[in-house]
Amino acid sequence: MYKIMTPGPTEVYQNVLQARSIPCTNPDLDLSFVEDYKKLCVRISKLLKTDAETLILGGEGILGLEAACASLTEEGDRVLVIDNGVFGKGFQDFVKIYGGEPVLFTGDYRETIDLDALAAFLSKDSNFKYATLVHGDTPSGMLNDAFAITKLLKSYGILTVVDAVSTMFGEDLDATYIDILCGGSQKVISAPPGLTICVISEDAKEAINDRRTPIRSFYANLKVFFNYYEEKWFPYTMPISDIKGLDAAIENIESDPDILGRHEKIASATRNAVTAAGLKLYARSGFSNTVTAFEVPVGISSEDILLTMRQDHNILIAGSFDVFAGKLIRIGHMGNNSRVEKVKETLKALDITLSKLGFKAEESMAEVFANSI
Ligand SMILES: *Cc1c(COP(=O)(O)O)cnc(C)c1O
């Protein structure tokens, strides 16, 4: 077994694995399941400090993003796609699939979204049904100020969809102005991949109920869940073992009051370590507390770094993809991986790996990290 220090999936604790092996009932016919599901949804909304309703869908995080777009988009709808990263830009594909017309607001990929520039853009064109935003764009370790951005968008009456798959519970997030907030089980939550969390505001429900045309999907569709509790009916048989595991993972978060502080401290010490060694962080602003992305040093291949980490040290870290393929290395320090000992061990292995591959570090990352904690 590798140690997985990737930006999701993360290490799954024993109590979550055990919860997944609890004997199954029939979740369609045993009404206790509906109650348990509802209770878990209420606990998630409470942890997120929102009154908006949480739904848990059977499918990996991408399902939540697609279901949000499918449920809101009608033919010809203009949708503002806020883009300063791979997932940010990727939203345009979902908008197009469901007949919408994406309009990109593209920022520098090294910088967090500039609120003033967005405000200037909106002052000229704000005719959008909804906007999409990524809170933490994982492929580059970019964090956006989702609160300020969604507040601005809502002041124009634009609905807001936020991908918080890699940040939910690892970054402070005020969801007051978010209409559909998406999370995933395998990132900070530290359960296996397989579930997506969608938190839906009353405004979003109203917009979905007021559609002129039917939603063009059954599975990627939030409306089919709207009356599940009243009708004691789910649109498909729910993945009960995944949900039992999620329940235990959420319990771990509930009993971990310093989770945000720990993410912040460990991320900050990781960035110190990486820069002290003479490596370059990709981001210039908007530093994520769940993943650190740095540039592959000149003359070394990302594949060699990842391979050496695996073979010599039994640790999985990640490269990146799309426009960042081969250019960035990412260390995940989210959820159960946001632990001093684990990150220190990873940085120590990375010290040795980079040295073996010919990189002359200015300082030991493991030491700088330990001294920064
Ligand atoms: C992980 C992640 C997703 C889900 O994508 P997968 O790569 O399929 O796991 C969506 N958005 C963000 C920002 C993510 O980090």
Side-chain angles (χ1 to χ4, degrees), residues 4-12 48 56-70 81-95 97 107 109 112-113 131-146 149-150 160-173 175 178 180-199 219-220 239 242 245-246 249 263 267 282-283 286-293 306 316-325 328-338:
I4 47 166
M5 293 302 291
T6 52
T10 45
E11 190 196 336
V12 179
L48 294 168
I56 303 158
L57 316 191
E60 194 271 343
I62 291 291
L63 174 64
L65 314 186
E66 179 162 355
C69 293
V81 173
I82 299 176
D83 156 36
N84 64 335
V86 171
F87 281 102
K89 188 175 190 176
F91 261 117
Q92 70 172 337
D93 299 332
F94 297 129
V95 172
I97 288 169
Y109 275 24
T112 194
I113 287 292
T132 63
L133 172 72
V134 179
H135 188 209
D137 215 311
T138 328
S140 50
M142 174 56 59
L143 185 73
N144 291 312
D145 186 346
I149 294 167
T150 53
T160 59
V161 172
V162 175
D163 170 354
V165 174
S166 72
T167 53
M168 188 177 275
F169 304 120
E171 303 272 4
D172 201 11
L173 175 61
I178 300 176
I180 302 182
L181 174 64
C182 302
S185 53
Q186 82 274 31
K187 304 284 172 93
V188 180
I189 294 173
S190 301
L195 295 176
T196 191
I197 288 167
C198 285
V199 189
Y219 211 78
D242 290 348
L246 180 67
H263 277 78
Y282 178 73
F287 303 104
S288 159
N289 285 330
T290 57
V291 53
T292 294
L306 303 181
L316 280 184
I317 55 173
S320 194
F321 52 95
D322 200 276
V323 293
F324 301 120
L328 301 181
I329 295 289
R330 297 178 299 155
I331 304 168
H333 34 74
M334 56 176 71
N336 291 346
N337 293 349
S338 174

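Remember, it's 1-based here, ligands and their atoms both numbered in the order they're listed.
Taking the side-chain contact (heavy atoms from CB on, under 4.5 Å) definition, one finds that Tyr109 meets it with Asp83, Asn84, Lys89, Thr106, Tyr282, Val323, Phe324, sequence neighbours left out. Applying the side chain to side chain donor-acceptor pair (under 3.5 Å) criterion to Thr138, with sequence neighbours excluded, gives Ser166. Taking the side-chain contact (heavy atoms from CB on, under 4.5 Å) definition, one finds that Asp242 meets it with Arg20, Leu195, Pro239, sequence neighbours left out.
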Pairs under 3.5 angstrom, nitrogen or oxygen on both sides, ligand 1 versus protein: list them out, please.
{"unit_1": "ligand 1", "atom_1": "5 (O)", "unit_2": "Glu60", "atom_2": "OE2", "d": "3.4"}
{"unit_1": "ligand 1", "atom_1": "8 (O)", "unit_2": "Glu60", "atom_2": "OE1", "d": "3.2"}
{"unit_1": "ligand 1", "atom_1": "8 (O)", "unit_2": "Glu60", "atom_2": "OE2", "d": "3.1"}
{"unit_1": "ligand 1", "atom_1": "9 (O)", "unit_2": "Glu60", "atom_2": "OE2", "d": "2.4"}
{"unit_1": "ligand 1", "atom_1": "9 (O)", "unit_2": "Gln186", "atom_2": "NE2", "d": "3.2"}
{"unit_1": "ligand 1", "atom_1": "11 (N)", "unit_2": "Asp163", "atom_2": "OD1", "d": "3.3"}
{"unit_1": "ligand 1", "atom_1": "11 (N)", "unit_2": "Asp163", "atom_2": "OD2", "d": "2.6"}
{"unit_1": "ligand 1", "atom_1": "15 (O)", "unit_2": "Thr138", "atom_2": "OG1", "d": "2.3"}
{"unit_1": "ligand 1", "atom_1": "15 (O)", "unit_2": "Lys187", "atom_2": "NZ", "d": "2.7"}

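No hydrogens or angles considered: a donor-acceptor pair under 3.5 Å links the side chains of Thr112 and Asn144.
In this structure the side chain of Leu133 never reaches within 4.5 angstrom of the side chain of Val161, judged on heavy atoms.
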His333 and Thr292: side chain to side chain donor-acceptor pair (under 3.5 Å), yes or no, with the steps? CA-CA 8 Å; His333 34 74; Thr292 294; 2.7 Å; yes
